[in-house]
Protein chains: 2
Amino acid sequence: MSIQDAHSISLQCGACPIRHRAVCARCETDELALLEEIKYYRSFEAGQTVAWAGDKMDFVASVVSGIATLTQTMEDGRTQMVGLLLPSDFVGRPGRETAAYNVTATTDLLMCCFRKRPFEEMMMRTPHVAQRLLEMTLDELDAAREWMLLLGRKTAREKIASLVAIIARRDASLKLRSPQGRMVFDLPLTREAMADYLGLTLETVSRQISALKRDGVIELQGKRHVTIPDFDLLLTEAGDDNDGGYLT
Amino acid sequence: MSIQDAHSISLQCGACPIRHRAVCARCETDELALLEEIKYYRSFEAGQTVAWAGDKMDFVASVVSGIATLTQTMEDGRTQMVGLLLPSDFVGRPGRETAAYNVTATTDLLMCCFRKRPFEEMMMRTPHVAQRLLEMTLDELDAAREWMLLLGRKTAREKIASLVAIIARRDASLKLRSPQGRMVFDLPLTREAMADYLGLTLETVSRQISALKRDGVIELQGKRHVTIPDFDLLLTEAGDDNDGGYLT
DNA sequence: CGGGGGCTTGATAATACTCAATCCGGGTGG
DNA sequence: CCACCCGGATTGAGTATTATCAAGCCCCCG
């Protein structure tokens, strides 16, 4: 999906790559037709800002392709990432007028947007959108709580290992594989973005990546391309409980 | 509301102190009647565990009075609080069989419980419960993201000031006041619980409380009773943006 | 070949942690 | 009634981890 496409085509919902996971996943054919009427596509280049915290935001959207981040900043410039949005993830809050966070495209990004007002009306009338949104929000809350454990209690090394594991898992799920054994993928984030995710400085990120490489937990081809020789080892380094769970 | 009451009386929803803020806030009279049928009260003493992570949990609940915490722990014992539940807050996730976190009563606690199955059925049939739950979950997600900024980027001093401000705000909202000027209230958490909230050690919590006291940002009567001479000063210490916002 | 962004590495400093001793206040049992 | 005890809290000394400041590298691209 190239950037230009966004202006020239109107993707059919039935053929949408995120159809089965997005906020519209539960919709019936007739509901989909309603969504089809109010949706439009917007694209952003890597690095572009989608919205600034406090901006009026008159749409909500699903990420179709690419990656976006939600970040919060303090007056002195300290910034913390509070959301990492991958394809099918939802942006914006029904019932809120302004953006609560900075939304930034970290790769080229395509979003499926709905004007807020019609979307809210649709949520009132049909239950399936609201049901799916609740489910997705609960999942996000769980992810946020996992993230809080990482931020509050993990060491720098564990934080890096955790982030690599998270990305590995998401990549595997995209490829419909189970995360285990040897895995190969790309890091979609700069060292600075990783630092903002993990509550570290970019120097510490760099050092710990080097350390994990030295210790054979990860292998690097270039700066971004990663090989995990042993996913379980990575999980151990992340401080995650990787024994048990599969017997229940 | 004493502990004994939980076993002897069945509070009428119409007279419930959290009626206007809880998951049932939007319910009509007839929906309330349905809830009334499936609800029951449970009480816990301060310190008791409501559920362990991984336990089967066959109910969801609203906190009626008292305070509970959600915590996550790593194998080596490091623990991070990921939720602080005050009256009207909701516990449990529809559609999930087991508890995802440790739920602990930090004060005497009264909960209004619904067996999961009937509650889920009710969510399917009537929209008002699901709508309110979505709203509450979105609010919690916002709070979690604010919390992430705190954990990832704030100094120990800022963390303490932030926590005191959060508690002050909630206490004010309970008393239907706006948070400003001079404020007096109790800290409902031990130093250790604060440390788990903030991702610090209890020694650091203690030291920073002493420092804020020394600097006149807070005053203490005993260990728990706090006076804030100037709420704006506290917000400044918390690193929060306290100018602007009230003009929009 | 030069420039620049992203990244790495090094030296030093600051913040928060660890280990340890002591304090305080409230409840209990002699 | 008072001494004791205990959990929670405070304070101190020394250490470790991570941040800060700074220099330089790598690789792509013009």
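Below, each value reflects all heavy atoms present in this structure, side chains not excepted, and no hydrogens, waters or symmetry copies.
- Within the structure, no pair that satisfies the ring-ring contact (aromatic ring centres under 6.0 Å, His included) test touches residues 204-242 of chain B, not counting sequence neighbours.
- Residue contacts shown for B/S206 include a base, since a base heavy atom lies under 4.0 Å away.
- Applying the ring-ring contact (aromatic ring centres under 6.0 Å, His included) test to every pair with at least one member in residues 150-186 of chain A, sequence neighbours left out, gives no pairs at all.
- Legend: residues meeting side chain to side chain contact (heavy atoms under 4.5 Å, CB included) with B/D215, ordered by chain and number and at least two apart, are B/R157, B/V217.
- Under the ring-ring contact (aromatic ring centres under 6.0 Å, His included) criterion, the residue pairs touching residues 55-92 of chain B are B/F90-B/F119, with sequence neighbours excluded.
- Considering only residues two or more places apart in sequence or on other chains, A/D171 meets the side-chain hydrogen bond (donor to acceptor under 3.5 Å, both in side chains) condition with A/K175.
- Ion pairing between a basic and an acidic side chain is recognised when a charged N comes within 4.0 Å of a carboxylate O; B/R182 and B/E219 show such pairing.
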Run the side-chain donor-acceptor check on residues 193-207 of chain B: report pairs under 3.5 Å with partners two or more places apart or on a different chain.
| unit_1 | atom_1 | unit_2 | atom_2 | d |
| --- | --- | --- | --- | --- |
| B/D196 | OD1 | A/R153 | NH2 | 3.2 |
| B/D196 | OD1 | B/T79 | OG1 | 3.4 |
| B/D196 | OD2 | B/T79 | OG1 | 3.2 |
| B/T201 | OG1 | B/T204 | N | 3.3 |
| B/T201 | OG1 | B/T204 | OG1 | 3.0 |

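- Every side chain to side chain contact (heavy atoms under 4.5 Å, CB included) that A/D89 has, sequence neighbours left out, goes to A/L85, A/L86.
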Subject >> Under 4.0 Å protein heavy-atom contacts per nucleotide of nucleotides 14-30 of chain D, with B for base, S for backbone only and - for none >> reply: ----SSBB---------
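- For DNA chain C, the outermost nucleotides in 5' to 3' order that have an atom under 4.0 Å from a heavy atom of chain A are C/dC7 to C/dA11.
- Contacts of B/R224 with the nucleic acid, taken as non-hydrogen atoms under 4.0 Å apart, involve only primed sugar atoms and P, OP1 or OP2.
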